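Beneath this line is the structure, given in structure tokens, with notes to follow.
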Amino acid sequence: MKRREFLKTGVAASGLFTGLSDWSFAQANPTNLATSNRNGPFIVVFLRGGADGLAILSPLEDPFFLAARPPDMRFAMDKAANTTPLLLDDARFYWHPEAAPLNLLMNRQRLLAWQAVGIQDETRSHFEAQELIERGAHSLQNLNDPFGWMARQVYLNKAKFPTTPIGLPLFAGNNNMPNAMLGADQVLAMRDLQNGVSFPGGPAGLKALQAMGEADGQHPAAKIILNTFNTLDAVNTALPKTDNKVLPYLSSGNTPYPDSDPGVGLRSIARLTQAQVGLQYAWVDHSSWDTHEGQGWRINYLISQLSKALLAFDEDMQAKNQPYTLVVMTEFGRRLISNRSNGTDHGHGSLSLVMGSKVPGGKMMGRWPGLDTPKLDRGADLAASSDCLAVLKQAQSWHYS
Amino acid sequence: MRKSSPLLSYSDTVLRVRYGAGTYRNGTEEVAYPALDELRPMSLLGADLPTLFPYTGNGNLIVPPERSRPRLEVQAATLIQTVETKTPWEEEWVGFWRDHFSLYAHDGNVGAYLPHWDREVIRAHCWGNFQEMLEATATHPSMLYYLDNRSSRAGSPNENYARELFELHTLGRDAYLNNLYAQWRSVPGAAQGKPKGYIDQDVYEAARAFTGWAVEDGTGIGGGQSLPKTGRFTFVAAWHDNYQKRVLASEFEPYAAAMADGKKVLSQLANHPATARHLASKMVTRFVNDRPPPDLINSTTQVFLDQRNSPQQLQLVFAHLVQSSSKISVAQKQKTKRPMRLVASFANAVNLPFVLGDGSISTWPLETAGSAIYTWPRPDGPPDGLQWVLSASYLRQRFSLIQSVAENHFATGEFNPLVGLNSKPTYEQMMSQWEMALFQKPRPEISNALLLSQNTKPSDLANDPRRARRLIGLLACSPSFQTESILPSPEQYKQTVSRA
């Protein structure tokens, strides 16, 4: 197997992750959950479908970019959210107009933008690329274990420290568990916790499900049913109530959570963090970034929902004095040259964002490979000068510092 | 060729339409529409494409709240069919292909044509020949819109369809060798014209082959001309890339006949061994075990390949699955019921005279209890396996769905929980009867745990039918009722085939 030459940079040298031990963050693991909880949750917002980083933080003065994207596939410089460009290597970057909240977060030193992030693998398949990232692997051919990387963190903690994690170490603010949590049994995937988690048939129904789960315990579905309902019970117990009715969560920030993805999922994470259920890792999917067609109008909405949600979450956490670290990432970027459907096809490098209480915000990270054809990946796509997993690793080392 | 029963027999069944008054924009004009609440037959189930076209919203001929009607009719009719069928594995087979060629029907341009897709693509072909089925999907407006091929043009084609065609519909990701090889020539087998897998170069070239495969949706084609508005497939020669291509190490001559390039790609893919293996692996996973036995995948792959020229290829593959899995014990082939099958198996177990009621069961109660049909948001289709079908948010809705059916919350029918019992049955007697109905064997340990949790003594008299129905609904929430063995025995299967 011959892997393509990976762009070497100071931040993200390849070959760092040779196996499980490297990817276990041994240096950063807290010795117990209380410590971990003091750090707050580590969160990933995953832009499913391959987000066009070039359209979110655009090199608007680069002639190669201007030549590759017709005017309705980019924004005018006077509409950009920042007037002074962000600099990285020789390139100058402008935030998309709908990304004004991200510009604000950057000015507040809460957010940094990491350019040209990608996987080392050559795949342009959504499902392979997502799985590589979620499994924390560089190859799907020889996976060392059945875990997603977030589950692996918790699992390794358990192996090292025999105390079972209390409560809910893993949570996804969407209705399907991400592969990053594959293999974990203390996990909950639920988009909206605003009104708590009621049980079918009320408390009596819950008792019935638990009793039958125990009595029918040999059945393969029993364990998942019991785990789920015991977890839901624990979460429900932890949520504040009056007259046994769960109170809606109140943000402490000025910016309201948008009632859309990923805002709803982030609000659920905020709620669980406040409820102190032992949350260590959380995940929110933001779908529909696969903009093969009609990218212009579709991406406006996506960027707007993402940016507002991140601002709302950070303001809320900051006002509550709650530490956290959040990484925004995607499986790959998109082709530099747009297609004739006013869209873009699958590319390679993209943009990551890192936000949080211990993040050295307000700056750009990574290396900008340039958009001149010889510098493109396979002559077509933005190269990936930083590895996705390196970004995650760096963000976690800030998180546990 | 055998076809799966279409949903047409439910065209006269009524499904409620209800919405409040509102307005929408038609160009610069604000148009008002009145509130509506009526019971309407599901007449779109047999509709042709031109009839369905206005439901895309094109031309604003249908008010916005009615545009989801085609999808809702398919969903409701599929539910009744799932309950009424005497051969549930046939509906599972339909479901397999529905998920394999996954569509996102909340997109109006995709969902408008859904009755036609379900009838003429999935049900019409799922017992037939795979290559024919593949061609039917490739030329259907729902797929042409969903994966954007309808806007793909020579020069800078849209790669969405070609990529998912290779990865999801046919060869599968195990055959995607892009991280191993950068040149098509270096893919093993390429020199013999039989590459064992594909790389991006094949996807790019295939995207060119499908340029011009489009939909008659009124789009302008230059010179002041527009396509008609019928929703039908059309090949627009002016949009097609006519030059030579090379897909999977095979040369395509320039200026081929209309559609010949795309059809050649479909034929290459349908007959490739990687496609057979990909499909066999998915089938065995779906019908036998979340962890599919490798020898069963191998033999199914072989049957798929051997029968690839047969007009009933897929039926023969299914028959092989039935036959070869008959040696595996029922306990070793338990699969998790999806929500419709859950409703159906409960309704059948308790002899419920199931009716659609006003149809409200087939909207959110069903849609939130699992991945609803035709609405998985990504082209890979909903994941298979116990942990996905029983994920936390689904589980809660799933159990409330069973209880709703047991307690008739949606006017779907009522059953007599005390039927066949003596005049003064105890709860223990009542439950033991329903244990047999739900589990086909006595499971007193489950019933007793349930009764205990509800502060009910097994020796108490069961004289309240409402309470009895509630308990039976809860019994169906036990782990054992969540799974089943899907495939029939060879004898059962032989009977249905000879009847057909």
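It should be emphasised that the depicted structure is a prediction, and the values quoted were computed from it without experimental measurement. A note on names: the letters A, B, ... follow the listed sequences, proteins ahead of strands, and every chain is numbered from 1.
- With a 4.5 Å cut-off on non-hydrogen atoms, A:L182 touches chain B through its side chain but not through its backbone.
- Interface remark: A:A204 contributes backbone and side-chain atoms alike to the contact with chain B (heavy atom separation under 4.5 Å).
- Ring centroid separation for the pair A:F229 and B:F399 comes in under the 6.0 Å cut-off.
- Looking only at side-chain heavy atoms (C-beta outward), B:P377 and B:Y104 come within less than 4.5 Å of each other.
- Between B:H240 and B:F210, a ring centre-to-centre spacing not shorter than 6.0 Å is recorded.
- Interface residue B:Y204: only side-chain heavy atoms are found under 4.5 Å from chain A.
- Residues A:H348 and A:L382 fail the side-chain proximity criterion, which asks for heavy atoms closer than 4.5 Å.
- The choice from B:N158, B:L475, B:V389, B:I446 that makes the most heavy-atom pairs within less than 4.5 Å of chain A is B:N158.
- Contacts with chain A (heavy atom to heavy atom, under 4.5 Å) involve these residues of residues 147-155 of chain B, listed by number: B:D148, B:R150, B:S151, B:S152, B:R153, B:A154.
- A distance of 11.0 Å separates CZ of B:R378 from CG of B:L168, quoted to the nearest 0.5 Å.
- The candidate with the highest count of non-hydrogen atom pairs below 4.5 Å against chain B, out of A:H126, A:H346, A:E214, is A:H346.
- Judged purely by distance below 3.5 Å, without hydrogens or angles, the side chains of B:Y145 and B:D217 pair a donor atom with an acceptor atom.
- No hydrogens or angles considered: nothing links the side chains of B:R398 and B:T368 as a donor-acceptor pair under 3.5 Å.
- In the model, A:Q120 has a side-chain atom that pairs as donor or acceptor with a side-chain atom of A:D387 under 3.5 Å.
- Side-chain contact check for A:N174 and A:H286: no donor-acceptor pair (N or O, by modelled atom type) lies under 3.5 Å.
- Heavy atoms of B:Y394 lying under 4.5 Å from chain A belong exclusively to its side chain.
- Contact count against chain A (heavy-atom pairs under 4.5 Å) is highest for B:A182 among B:S391, B:A182, B:A331, B:A207.
- Contacts between B:E167 and chain A at a heavy-atom distance below 4.5 Å involve the side chain alone, from C-beta outward.
- Centroid-to-centroid, the aromatic rings of A:F46 and A:W283 come within less than 6.0 Å.
- Side chain of B:E428 to main chain of B:P458: no donor-acceptor pair is present (N/O by atom type, distance under 3.5 Å, no hydrogens or angles).
- Between the side chains of B:S480 and A:D216, a donor-acceptor pair is found at a separation under 3.5 Å.
- Among the residues in residues 217-228 of chain A, those with a non-hydrogen atom closer than 4.5 angstrom to a non-hydrogen atom of chain B are A:H219, A:P220, A:A221, A:A222, A:I224, A:I225, A:T228.
- Only the side chain of B:Q482 comes within less than 4.5 Å of a heavy atom of chain A; its backbone N, CA, C and O stay farther away.
- Across A:V187, A:L188, A:L140, A:V197, the residue that shares the most heavy-atom pairs under 4.5 angstrom with chain B is A:V197.
- Contacts between B:D200 and chain A at a heavy-atom distance below 4.5 Å involve the side chain alone, from C-beta outward.
- Of the two parts of A:R191, neither the backbone nor the side chain holds a non-hydrogen atom closer than 4.5 Å to a non-hydrogen atom of chain B.
- By number of non-hydrogen pairs under 4.5 angstrom with chain A, the leading residue of B:Q334, B:Q454, B:E445 is B:Q454.
- Of the listed residues B:L390, B:T336, B:L451, B:N455, the one with more heavy-atom pairs under 4.5 angstrom with chain A than any other is B:L390.
- Looking only at side-chain heavy atoms (C-beta outward), B:V343 and B:V405 come within less than 4.5 Å of each other.
- With a threshold of 4.5 angstrom between heavy atoms, A:S338 approaches chain B through N, CA, C or O but not through any side-chain atom.
- Counting heavy-atom pairs closer than 4.5 Å to chain A, the top residue among B:S404, B:A392, B:P379, B:S447 is B:A392.
- For chain A, the nearby part of B:R163 is the side chain; its heavy atoms alone come within less than 4.5 Å.
- Within the cation-pi definition used here (under 6.0 Å to the ring centroid, within 45° of the axis), B:K337 qualifies as a partner of B:F481.
- Side-chain contact, A:H138 with A:D121: no donor N or O sits under 3.5 Å from an acceptor N or O.
- Side-chain contact annotation: A:D52 with A:Q295, donor-acceptor N/O pair under 3.5 Å present.
- Between chain A and the options B:Q397, B:E407, B:E164, heavy-atom pairs under 4.5 Å are most frequent for B:E164.
- B:Y176 and B:Y198 have their aromatic ring centers within a separation under 6.0 angstrom.
- A donor-acceptor contact closer than 3.5 angstrom is absent between the side chains of B:N160 and A:E293.
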